[in-house]
Amino acid sequence: DTAVSQTPKYLVTQMGNDKSIKCEQNLGHDTMYWYKQDSKKFLKIMFSYNNKELIINETVPNRFSPKSPDKAHLNLHINSLELGDSAVYFCASSQGPNKANYGYTFGSGTRLTVV
Amino acid sequence: AQSVTQLGSHVSVSEGALVLLRCNYSSSVPPYLFWYVQYPNQGLQLLLKYTSAATLVKGINGFEAEFKKSETSFHLTKPSAHMSDAAEYFCAVSLYTGFQKLVFGTGTRLLVSP
């Protein structure tokens, strides 16, 4: 059983398109996150939801819109894709918004390539 | 603000040699510190964590790290490298800005030669 699963694993699309990435966790965690890893491997947090409520919203273009239908799911929708959006997007979860001491569990990532 | 600095974007060792990956943190309060490993085309896996208990922390795959407050360091070591240890290693600190979040260092690629 995969703890944090993301779909799709690979996504190739043209500039200007709209795409979504889905994430699901079966760990019973309350908090989920989206991270972006750029071509230099740098990881930066984008969003965090706690039990369906947005709690962290970093400086991210408003073309990116997260949605959490329930605490086990966190999706990322991206409008009007740009070349600079090409990256690996990781979903993660933790036991709670202030329980980072337990660490995060990461998904295997979605490699987005915009052409 | 809390952050982490990883010295050396690449570290090369021979199989069987000591592995030392460096991480320094800046924090005004005792931090939570983590090491994650990322194998090619995979997600991040937690190696070990420091949460203000023992200063010497043992993790998976024979890795360990020592929290040294006086040096603000949390270096990762392994006595004997294996080829399978070749990966990207990330140090991270838990940053509190209303809610906790993990902030990562820039990563260190470990290369292991036969």
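Chain identifiers are assigned alphabetically (A, B, ...) following the order of the sequence lines, protein sequences preceding nucleic acid strands; residue numbering begins at 1 within each chain.
- Judged purely by distance below 3.5 Å, without hydrogens or angles, the side chains of A/Ser94 and A/Tyr102 never pair a donor atom with an acceptor atom.
- Annotation: residues 43-66 of chain A contacts chain B through A/Leu43, A/Ile45, A/Ile55, A/Ile56, A/Glu58 [non-hydrogen atoms, separation under 4.5 Å].
- When side chains are defined from C-beta on, B/Cys91 does not count as touching B/Tyr25, because their heavy atoms never get closer than 4.5 Å.
- Pairing each heavy atom of B/Asn24 with each of B/His75, the nearest pair is OD1-CE1, 3.7 Å.
- For residues 105-115 of chain A, the interface with chain B (any heavy-atom pair closer than 4.5 Å) comprises A/Phe106, A/Gly107, A/Ser108, A/Arg111, sorted by residue number.
- The pair B/Glu88-A/Lys41 does not count as a salt bridge, with every side-chain nitrogen at least 4.0 angstrom from each carboxylate oxygen.
- Heavy-atom distances place the side chain of B/Phe90, and not its backbone, under 4.5 Å from chain A.
- Looking at B/Leu44 and B/Phe104, their side chains come closer than 4.5 Å, going by heavy atoms from C-beta outward.
- For A/Lys9, the NZ atom is densely surrounded, since the number of other residues' heavy atoms within 6.0 Å is greater than 12.
- Residues B/Thr108 and B/Leu110 fail the side-chain proximity criterion, which asks for heavy atoms closer than 4.5 Å.
- At a 4.5 Å heavy-atom cutoff, the contact between B/Lys49 and chain A is made by side-chain atoms alone.
- Contact annotation for B/Gln42: only backbone heavy atoms (N, CA, C, O) come within less than 4.5 Å of a heavy atom of chain A.
- A donor atom on one side chain and an acceptor atom on the other are found under 3.5 Å apart for A/His73 and A/Asp70.
- With A/Asp18 as the fixed residue, the side-chain contact (heavy atoms from CB on, under 4.5 Å) test singles out one of A/Asn79, A/Ile78, A/Leu81, A/Thr13: A/Asn79.
- Here the side chains of A/Cys91 and A/Met32 are in contact, with some heavy-atom distance below 4.5 Å.
- With a threshold of 4.5 angstrom between heavy atoms, A/Phe42 approaches chain B through side-chain atoms but not through N, CA, C or O.
- Closest approach of B/Ala86 and B/Val112 over heavy atoms only: N-CG2, 4.1 Å.
- Looking at B/Phe34, the atoms closer than 4.5 Å to chain A (heavy atoms on both sides) all sit in the side chain, from C-beta outward.
- In plain terms, the two heavy atoms of A/Gln37 and A/Phe90 that are nearest each other are OE1-CE1, 3.3 Å.
- Looking at B/Gln38, the atoms closer than 4.5 Å to chain A (heavy atoms on both sides) all sit in the side chain, from C-beta outward.
- In terms of heavy-atom pairs under 4.5 angstrom with chain A, the leader among B/Thr51, B/Thr106, B/Leu102, B/Asn41 is B/Leu102.
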Evaluate the side chain to side chain contact (heavy atoms under 4.5 Å, CB included) criterion for residues B/Leu76 and B/Leu47: first the C-alpha distance (whole Å), next the side-chain angles of each, then the deciding distance (0.1 Å), finally the verdict. CA-CA 10 Å; B/Leu76 182 70; B/Leu47 271 179; 3.8 Å; yes
